[in-house]
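Report on the following structure.
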Amino acid sequence: MLALLGFSTIAVFLVLIMTKRMSVMTALVLTPIIFGLIAGFNPAELGKFGLDGIKQVAPTGILLMFAVLYFATMLDTGLFDPVIAFIIKSVKGDPLKVIVGTAILTMIVHLDGDGTATFMIVLSAFLPIYKQLKINRLILTTIVALSVGPLHLVPWSGTSARAISTLKSDAVHIFNPNIPAIIGGILWVLFVAYHFGKKERNRLGIIDFEYNHQDELSESQRHLRRPKLLIFNAILTVSLITILIKGWVPASALFVTASMIALLINYPKIADQQKVLKGHGTNIFLVSSMIFAAGIFSGILTGSKMIDAMANSLVSLIPEQHANLLPTLTALTSLPASILFTPDAYYFGVVPILSQTANQFGIDSLEIGRAALLGQMTVGFPISPLTASTFLLVGLAEVDLGEHQRFTFKWAFGTTLVMTIVALLTGSIHI
């Protein structure tokens with residue numbers, strides 16, 4: 001009975017958010033409460049389950065809030081402007097250098113884990129160049145889409161935050177083992193960029209032209225730039241990432257502290273601090289509040305034992321001799337799953353069942369999370385019609401969504417395949 005109610009909860013949740021009958025946050029909270037009541041639990045019990053879930057995801061919610069704030073602040077200060085200027089100056093009129101430069105810049109800018117901001121920054125810098133040199137704009141959207149994929153595994157991206165909160169883990173155990181796979185994905189993307197660049201150089205040749213990124217900045221962006229603090233901000237960012245990877249300080253506490261230092265040093269005036277907070281506050285609230293709503297969802301499913309019951313039912317269907325393939329199959333299907341499932345539906349609905357099923361077979365449930373992140377709404381989100389940022393990407397580049405998907409899919413799947421192979425070789429996931 002509990003297994004049936006658990007699957008019904010997941011199914012109703014998926015239907016509600018995919019048909020847009022409810023917002024993700026509302027569905028995350030109300031769906032498990034309703035089915036919990038049907039299962040016979042009283043409001044006090046459901047309240048306790050929900051609170052337990054919130055406590056579990058609180059560190060992840062805090063991490064997400066302040067990591068987005070930190071990297072948004074660094075973008076506002078102009079930390080990456082010299083890199084942007086150098087890349088644009090270096091590419092000159094060579095299509096090969098332009099396309100490889102697009103990949104490198106996208107990866108650097110996407111350190112903040114925000115796809116929308118990355119697309120706006122990179123396309124505003126490179127779209128005029130692509131137009132002037134007459135480079136195929138489908139290559140622009142493909143390279144940008146591929147480049148954000150491996151970097152979207154950073155623990156402060158919304159996708160990774162979902163996986164971490166669902167599995168009640170942390171960045172050290174989810175992100176660190178995947179670092180070799182991320183590096184493999186980056187090398188693959190650079191290879192693809194080189195491949196496209198060679199083809200476009202042969203087709204178009206090399207053309208001389210002039211373009212200045214600084215001239216494209218708005219007056220508001222110029223006001224927030226802090227070029228004199230560039231070295232300080234660079235040292236602070238490198239130190240932060242080093243401490244995060246080493247696990248010396250809990251990630252949530254680390255980003256709270258670093259973001260406050262960044263705000264205080266760069267914007268000592270309260271008015272400027274408020275401007276930065278207001279500029280990014282909506283995005284921070286929408287993503288982080290969803291994590292706490294997900295805590296209620298996972299808390300009720302876990303506390304009511306629905307997750308256990310669903311996993312037990314799946315265990316009875318999977319032949320034991322093939323159970324060890326579960327993480328690999330999860331990785332290989334993760335990219336196509338981006339077309340079918342929103343990140344909320346997948347990480348809050350599908351991953352808990354897969355991870356608990358893995359546990360039943362003696363497989364580390366964290367392997368399911370690592371495997372899922374190799375494609376589902378990481379490499380996959382810039383081709384998925386279920387994410388708004390995909391439409392922003394194709395809209396800014398002025399290309400058709402269908403053409404972008406057809407042109408990009410095989411290269412994106414190649415990224416996931418390379419990352420899966422590296423993950424298997426380095427032990428992030430096992431067969």
*Could you tell me whether Lys199 atom NZ has more than 12 heavy atoms of other residues or ligands within 6.0 Å of it?*
no
For the residue pair [Y] / [X], report whether a side-chain donor-acceptor contact shorter than 3.5 Å exists.
| X | Y | value |
| --- | --- | --- |
| Tyr70 | Thr237 | yes |
| Asn266 | Thr77 | no |
| His110 | Thr118 | yes |

For [X] versus [Y], what's the shortest heavy-atom pair and its separation?
| X | Y | result |
| --- | --- | --- |
| Ala163 | Leu373 | CB-CD1, 4.0 Å |
| Tyr130 | Asn136 | CD2-O, 4.1 Å |
| Met306 | Ala39 | CE-CB, 4.1 Å |
| Thr9 | Pro32 | CG2-CA, 4.0 Å |
| Ala234 | Leu79 | N-CD1, 3.7 Å |
| His404 | Pro382 | NE2-O, 2.9 Å |

How long is the gap from [atom1] on [X] to [atom2] on [Y], to the nearest 0.5 Å?
| X | Y | atom1 | atom2 | answer |
| --- | --- | --- | --- | --- |
| His152 | Thr159 | NE2 | OG1 | 3.5 Å |
| Ile143 | Leu105 | CD1 | CG | 13.0 Å |
| Leu240 | Ile235 | CG | CD1 | 13.5 Å |
| Ile99 | Ile135 | CD1 | CD1 | 5.0 Å |
| Ile265 | Leu229 | CD1 | CG | 8.0 Å |
| Leu236 | Met74 | CG | CE | 6.0 Å |

Side-chain contact test, heavy atoms from C-beta onward, threshold under 4.5 Å: evaluate it for [X] versus [Y] and give yes or no.
| X | Y | result |
| --- | --- | --- |
| Leu335 | Ile383 | yes |
| Ile363 | Thr357 | no |
| Leu301 | Pro352 | no |
| Val100 | Lys97 | no |
| Trp248 | Leu254 | no |
| Ile186 | Leu151 | yes |
| Phe175 | Ile179 | yes |
| His173 | Asp170 | yes |

Point to revise | Step-by-step ring pair (Phe, Tyr, Trp, His ring centres under 6.0 Å) determination, His195 to Trp188 | key: CA-CA 10 Å; His195 166 74; Trp188 165 258; 9.4 Å; no
Would you call Glu367 and Arg370 a salt bridge, using N to O less than 4.0 angstrom? no
Are the side chain of [X] and the backbone of [Y] linked by a donor-acceptor contact shorter than 3.5 Å?
| X | Y | result |
| --- | --- | --- |
| Gln376 | Pro343 | no |
| Asn42 | Glu45 | yes |
| Thr73 | Leu69 | yes |
| Ser259 | Val256 | yes |
| Ser334 | Ala331 | yes |
| Thr426 | Pro180 | no |
| Thr408 | Thr141 | no |
| Thr166 | Tyr347 | yes |
| Ser160 | Leu153 | yes |

**OP:** Carefully, step by step, assess Ser147 and Thr102 under the rule side-chain contact (heavy atoms from CB on, under 4.5 Å).
**Re:** CA-CA 9 Å; Ser147 300; Thr102 303; over 6 Å; no
Checklist entry - Given the rule in the side-chain contact (heavy atoms from CB on, under 4.5 Å) test, do Val29 and Phe297 qualify, once you have shown the distances and angles that lead to the verdict? => result CA-CA 6 Å; Val29 174; Phe297 186 87; over 6 Å; no
### Task
Give the C-alpha distance, both sets of side-chain angles, the deciding distance and a yes or no for side-chain contact (heavy atoms from CB on, under 4.5 Å) between Met419 and Val379.
CA-CA 10 Å; Met419 293 171 70; Val379 176; 4.0 Å; yes
Worksheet item: Do Phe348 and Arg162 pass the side-chain contact (heavy atoms from CB on, under 4.5 Å) test, and can you show the C-alpha distance, the side-chain angles, and the key distance before you say yes or no?
Response: CA-CA 7 Å; Phe348 300 142; Arg162 289 174 176 90; 3.6 Å; yes
**Request:** Evaluate the ring planes of Phe41 and Phe49, with Trp represented by its six-membered ring, and classify them as parallel (under 30°), tilted (30 to 60°) or perpendicular (over 60°).
**Result:** perpendicular
*For the pair Phe413 and Phe409, name the ring-plane relationship: parallel under 30°, tilted 30 to 60°, perpendicular over 60°.*
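If you compare the ring of Phe413 with that of Phe409, the planes turn out parallel.
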By side chain to side chain donor-acceptor pair (under 3.5 Å) - contacts of Tyr267 (at least two apart)
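Here no residue qualifies.
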- prompt: Strictly under 6.0 Å, is that where the ring centroids of Trp411 and Phe191 end up?
  reply: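 That pair fails the under 6.0 Å test.
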Report task. Would you mind telling me which of Arg225, Arg226, His280 makes a side chain to side chain donor-acceptor pair (under 3.5 Å) with Asp76? Result ->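 Between Asp76 and the candidates, side chain to side chain donor-acceptor pair (under 3.5 Å) is satisfied uniquely by His280.
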